[in-house]
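Worksheet: one structure, shown below.
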There are 4 protein chains.
Amino acid sequence: MPRTEEQFHEIRERSKTQILNSSLKLFAEKGFKGTSISDIAKDAKISKGLIYNYFESKTAIVEAIYLHLLNEMQRMMEPIYELKDPSEKLQRIVMDTVKYTSENKDYWKLYLNFMLQPSPVKFEEVLNPKFFQKFFLEFEEIFTDAGVKEPKNMAYEFAAILDGMQMHILFMDNLYPLKEIQNYILNKYSKKELKKKK
Amino acid sequence: MPRTEEQFHEIRERSKTQILNSSLKLFAEKGFKGTSISDIAKDAKISKGLIYNYFESKTAIVEAIYLHLLNEMQRMMEPIYELKDPSEKLQRIVMDTVKYTSENKDYWKLYLNFMLQPSPVKFEEVLNPKFFQKFFLEFEEIFTDAGVKEPKNMAYEFAAILDGMQMHILFMDNLYPLKEIQNYILNKYSKKELKKKK
Amino acid sequence: MPRTEEQFHEIRERSKTQILNSSLKLFAEKGFKGTSISDIAKDAKISKGLIYNYFESKTAIVEAIYLHLLNEMQRMMEPIYELKDPSEKLQRIVMDTVKYTSENKDYWKLYLNFMLQPSPVKFEEVLNPKFFQKFFLEFEEIFTDAGVKEPKNMAYEFAAILDGMQMHILFMDNLYPLKEIQNYILNKYSKKELKKKK
Amino acid sequence: MPRTEEQFHEIRERSKTQILNSSLKLFAEKGFKGTSISDIAKDAKISKGLIYNYFESKTAIVEAIYLHLLNEMQRMMEPIYELKDPSEKLQRIVMDTVKYTSENKDYWKLYLNFMLQPSPVKFEEVLNPKFFQKFFLEFEEIFTDAGVKEPKNMAYEFAAILDGMQMHILFMDNLYPLKEIQNYILNKYSKKELKKKK
DNA sequence: CATGAATGAGGTTTCATTCAT
DNA sequence: GATGAATGAAACCTCATTCAT
């Protein structure tokens, strides 16, 4: 008697997740090219062949991870758009970034990898200079809303701080004084401090 | 007519430099694993075999580049130590970083690569969390010298801004408003502004 | 309600036939090696696993088809032996060959495949030079019966025409002027024409 | 001191030929899919890797062989166009076909393979029904020139005899009474015999 | 010093076959 | 009887490295 549709679905999901988890970890650690299908299979405790039951190719795996990552970024940003107060928005972005980065280091390492090398082609549509600019423009709007004197410059500074912190969190691991720095930055973008920049 | 010692030496240096230049460019573009010896030979317009006359292995090439990079960083930092005024020091670091990054994008992309992946092993002695911490401590000293209230936090913020800017310069290429942002940051660490933080 | 023996038998036969049909089609189209068990399962709208319920291996499938093919050839030839008149025999062979070929192109393509490559070993006992020779000898006998001057040569010519036509029917598909050529050839082996060769 | 351009060229040609020879033999014997790169390397007494120094892929090898084959066919047909007398033309075609087939069995086996399966795609432009029709039309013209009664039918018969003989030569190897049959067929298309068909 | 042909280990991918359900 | 997930051997292909010249 064959398994039910449902049982098969569950098995498939479990294996797929297992493959994605191992891949994410290894890609983040050793890069896309530095990770072999064998490595993934070993880590996921399955056979090499099975991977191709779930993904068309090694590239397809990294694409799946990448899409997931973009979705997550989207989901992270959404609640922020609903906030009204500029200061709150900025602080929330800082908090989310710190939280997200420290909780998903592998994802972000992979993200950096994606930006550094156009290996699995396809991504350029998103990970390109224009994509960044859009972010900067959104930040600039927030600072404009806040009525500060140099919204554009502050936006770029803000973005630099965010990305710089991310890097430090990724590379320094537990040595990074996360809470302390976060609080310092949060204060920097508090209503009180923003007012001084008007 | 046999060539003189000197001529040999010159040829050697020229070829070696050519190999290093091509390697740097390609590693930065496609990563270490993504670049083949063939690629390098083609770009350097020499034969594959010749590369092994100058370098023991592909790894040896990347190590040479890496050491060169570290030296450059050292050389960049040296004149800074001779400066006395904290503000001048910080401003000089900012200027040098911007200058250096925008003029040597390939180096810095490769540097990021090194940090992201421990491919050609050996580097861990330098590119590790402790290495970063040392930088942060040096920055902290400068801010302490400047007599600001929260030297540690400001040091981390400073480092974040530097690294964040670097990333943006690397990834946004000509779209990045280099001068504008640099000036803004320079002003942020001017004597006048620093005084406000005391 | 348990199925009756008969029902089981029927199911078995139906599935088996389905597998054989799909296999024949695909083997003819893409060759034995070029057809995967997956392909067959998909075409037969059953699961890969089920195929192994009916056949021990991929090779066993092709063997089954092959045996079926030989039987058909046999069955096709039998009524011919009962004919007495040489001309009638030859004409009947021509007609049957044309009919059979155009109605079972897949079988004949596969047959050619078998001859071209000894992939699934076993067949050599039949599809070998000697096997052909036997055919030629039988043809020669017919021509001898007909009393023609060069029975052996005519037998070889006859065989060549048959096999050549087969190839053309297979490869030219509907572009081949089947009826026209058949009539021409039939006339060539009519009593009247054969008499001229005496 | 490196080898001269010329030396390299010679080495390359030798290896390439070696690979093509082995490939042709094996493809003819076991089919394209049935022959592995390992098989070819072993037969050519070189390493697997080297094959890719000369051909981009397994498919590229078969394409090279195929193009060579088409060229040869072309070259074989050319001198025939210069003959004026229809009988001479037909006889020459018969002789060339027999000669060419028996001397290059592997090529023709492969050719049949190509027609049977569209494996390495690309070829359809040539090996298709229309391609055959063109041949038939050319034959028809010759028979029309000869002034026979049914030029089209005779053209198709002629083509069938040619292809049928080819098959028999290929499959019966030395058992085939080559000379005998050839002479019989040659006589069939002699001026004297053709005259009878007017 | 310089060349590129040649090797072979290892990477990606395919697929016949097995097996738990 | 039936399913498709899972395996692993073997296929195609890449590439760092060696070597004869």
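All chains are named by letter (A, B, ...) in the order of the sequence lines, taking the proteins before the strands, and each is independently numbered beginning at 1.
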request  = Look at atom NZ of C:K105 and say whether more than 12 heavy atoms of other residues, nucleotides or ligands are closer to it than 6.0 Å.
outcome  = yes
inquiry  = If I compare all heavy atoms of A:S22 with all of A:I40, which pair ends up nearest, and what's the gap?
reply    = CB-O, 4.1 Å
request  = For F:dA5, take OP1 and OP2 only and decide whether either is under 4.0 Å from a side-chain N or O of A:R12.
outcome  = yes
task = State plainly whether the residues A:R14 and A:E10 are in salt-bridge range, i.e. N to O under 4.0 Å.
result = yes
query = What nucleic acid atoms does A:S15 come within less than 4.0 Å of, heavy atoms only: base, sugar-phosphate, or nothing?
reply = sugar-phosphate
message = Nearest to the C:Y54 side chain among F:dA16, E:dA6, F:dG1, which nucleotide is it?
response = F:dG1
ask   = Does the C:N71 side chain pair with the main chain of C:H68, one donor and one acceptor, at a distance under 3.5 Å?
value = no
query = Rounded to the nearest 0.5 Å, what separation is found between the CD1 atom of A:I11 and the CD atom of A:E6?
reply = 11.5 Å
task = Kindly point out which of F:dA5, E:dT13, F:dT21 is positioned nearest to the side chain of A:I11?
result = F:dA5
inquiry  = Can you identify which nucleotide, out of F:dA6, F:dA11, F:dT18, has its nearest atom closest to the D:S36 side chain?
reply    = F:dA11
remark   = Note, DNA chain E 5' to 3' with Watson-Crick or G-U pairs under 3.5 Å encoded as ( ), [ ], | and . gives .||||||||||||||||||||
Residue mapping more 5' on DNA chain E - nearest nucleotide basis, C:K48 or B:G49 = B:G49
message = If you compare every side-chain N and O of A:K58 against the phosphate oxygens of E:dT12 (OP1, OP2), does one of them come in below 4.0 Å?
response = yes
ask   = Which nucleotide in the list F:dA6, E:dC1, E:dT21 gets nearest to the side chain of B:N53?
value = E:dC1
inquiry  = By nearest heavy atom, map B:L50 and A:D39 onto DNA chain E; which one lands nearer the 5' end?
reply    = B:L50
